[in-house]
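Following: one structure in structure tokens, then a few remarks.
Please read all numbers here as calculations on a predicted model, not as lab measurements.
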Amino acid sequence: MALNNIRFIFNVTKITSFGALHQTGKRFASAAAGSYQNILADKAGEKKNVGLITLNRPKALNALCDALILELADAVQSMDKDETLGAIVITGSEKAFAAGADIKEMLNQTYSANIRSGLLERWSDIGKCKKPIIAAVNGYALGGGCELAMMCDIIYAGDKAKFGQPEIIIGTIPGAGGTQRIARSCGKSKAMEMCLSGDQITAQDAEKMGLVSKVFPADQLVAEAVKLGERISRHSPLIVQLCKESVNVAFETTLQEGLRFERKTFYATFATEDRKEGMAAFTEKRKPNFKNN
């Protein structure tokens, strides 16, 4: 990878401080905090049942400063509590989902300072969301941007998207799940190749290796992600939550333990009203009326 390209990836912006705020965003109605400055949060879909979060630091190619992550975690938490929403979509711009971080923010950080501040710990709050999260990735998803996409449950990509973990080039390694999630979704060889070379891969290659579910033309990407969110939202929120949890267990335990967890969760669905309604509606050839019970 050319040196100029590396500088473009990592030095896309000059932020004065780790908590600097740029760009006025639209506040999500249920957010407890003040107006967002680095993201836009709204509802999408015909029934407004899909949460839509747009990373909104265009001059910085959506560089993931601490302030943006704090706002993103807050918006995800608020949408997770909103019973009118069945799924969440996180996206950026056509130019960049998130092109990484400004290295000048980290240049003088120390090991002890990272321990004291809990650097990157708030990222895990995003992964705690009970609702399915769909990443709609256009443009660059590099470093933390790639890791943020992988924290989501499903990744849809625009046809010009680029993924990569280039931290090795500047003398560090991924710190928000890059080495772990690529290995789990794509295997050891692909994880080693991406993390040790620092090279970028195309959306098409990402789909082939299992990192991305589907690839769409860039101008159709967000609409397709919202459509998926709408399809998910038709189902019982309770059962969707249980199903998401079961799939996640597959990445965190052995096959036998995972099978036991899945079977017990399957049994548990028989204690819900939505399971009864779903099966009754199927046999009666009508649409189910799920009530999240």
Side-chain angles (χ1 to χ4, degrees), residues 1-15 18 55 57 60-69 72 90 92-93 95-124 126-127 135 137-152 155 157-158 160-212 215 251-252:
M1 188 185 302
L3 181 59
N4 287 340
N5 199 18
I6 300 305
R7 287 173 177 163
F8 169 74
I9 293 168
F10 286 104
N11 298 316
V12 293
T13 184
K14 295 181 179 179
I15 305 171
F18 210 57
L55 309 184
R57 303 186 67 236
L61 294 181
N62 294 328
L64 298 171
C65 65
D66 190 51
L68 187 152
I69 292 298
L72 178 59
I90 298 177
S93 66
K95 194 171 185 180
F97 177 73
D102 187 341
I103 299 310
K104 290 184 178 180
E105 291 187 346
M106 300 183 185
L107 186 61
N108 296 316
Q109 289 287 101
T110 64
Y111 174 76
S112 59
N114 289 341
I115 293 293
R116 289 193 301 270
S117 67
L119 185 65
L120 302 181
E121 287 183 1
R122 283 303 304 272
W123 288 59
S124 62
I126 299 165
V137 177
N138 266 324
Y140 293 101
L142 305 174
C146 186
E147 290 172 308
L148 175 59
M150 290 190 292
M151 286 180 187
C152 299
I155 304 177
K160 299 296 190 295
K162 294 289 184 67
F163 297 83
Q165 297 290 163
E167 291 88 348
I168 196 78
I169 299 169
I170 57 167
T172 188
I173 71 169
T179 63
Q180 303 301 299
R181 289 190 171 94
I182 297 173
R184 281 166 170 75
S185 60
C186 307
K188 176 181 176 181
S189 182
K190 287 296 185 182
M192 287 290 189
E193 182 181 21
M194 284 186 68
C195 294
L196 296 181
S197 71
D199 291 345
Q200 299 175 28
I201 61 170
T202 65
Q204 292 74 20
D205 285 339
E207 182 183 22
K208 289 177 184 176
M209 60 193 270
L211 189 68
V212 164
V215 177
F251 289 87
E252 299 165 358

For a quick test of reading the model, state the closest non-hydrogen atom pair linking A135 to C152 and the distance between them.
CB-SG, 3.7 Å
Quick one: side chain to side chain contact (heavy atoms under 4.5 Å, CB included) partners of E193, sequence neighbours excluded?
K190
From CA spacing to verdict: side chain to side chain contact (heavy atoms under 4.5 Å, CB included), V212, V137:
CA-CA 9 Å; V212 164; V137 177; over 6 Å; no
Hey, mind stepping through I170 and T172 against side chain to side chain contact (heavy atoms under 4.5 Å, CB included) and telling me if it holds?
CA-CA 6 Å; I170 57 167; T172 188; 4.2 Å; yes
If you compare all heavy atoms of G158 against all heavy atoms of A203, which two are closest, and at what distance to 0.1 Å?
O-CB, 3.3 Å
Short side-chain to backbone donor-acceptor contact, Q165 and G178, under 3.5 Å:
no
When rounded to the nearest 0.5 angstrom, what is the spacing between CZ in F97 and CG in L142?
11.5 Å
Nearest 0.5 Å please: distance from the CD atom of Q200 over to the SG atom of C146.
10.5 Å
At their closest point, which heavy atom of L211 faces which heavy atom of I155, and how far apart are they?
O-CD1, 3.4 Å
Output, in order, the C-alpha distance, side-chain angles, deciding distance and verdict of side chain to side chain contact (heavy atoms under 4.5 Å, CB included) for F163 and T202.
CA-CA 6 Å; F163 297 83; T202 65; over 6 Å; no
By salt bridge (charged side-chain N to carboxylate O under 4.0 Å, His left out), E121 pairs with (sequence neighbours left out) none
Side-chain contact, heavy-atom cut-off 4.5 Å: M194 with I201?
yes
R122 meets the side chain to side chain contact (heavy atoms under 4.5 Å, CB included) criterion, sequence neighbours left out, with I69, L70, A73, D125
Quick one: does L55's side chain get under 4.5 Å of L148's, heavy atoms only?
yes
Nearest heavy-atom neighbours spanning P174 and E167:
CG-OE1, 3.5 Å
Are the side chain of N62 and the backbone N or O of R57 linked by a donor-acceptor pair below 3.5 Å?
yes
One should read off an interatomic distance between M150 CE and C186 SG, to the nearest 0.5 angstrom, of 8.0 Å
Minimum heavy-atom separation for A176 to W123, with atom names?
CB-CE3, 3.8 Å
To the nearest 0.5 Å, what is the distance between NZ on K188 and CE on M192?
5.0 Å
CZ on R116 to OH on Y111, rounded to 0.5 Å:
11.5 Å
SG-CG distance between C195 and D199, expressed to the nearest 0.5 angstrom:
11.5 Å
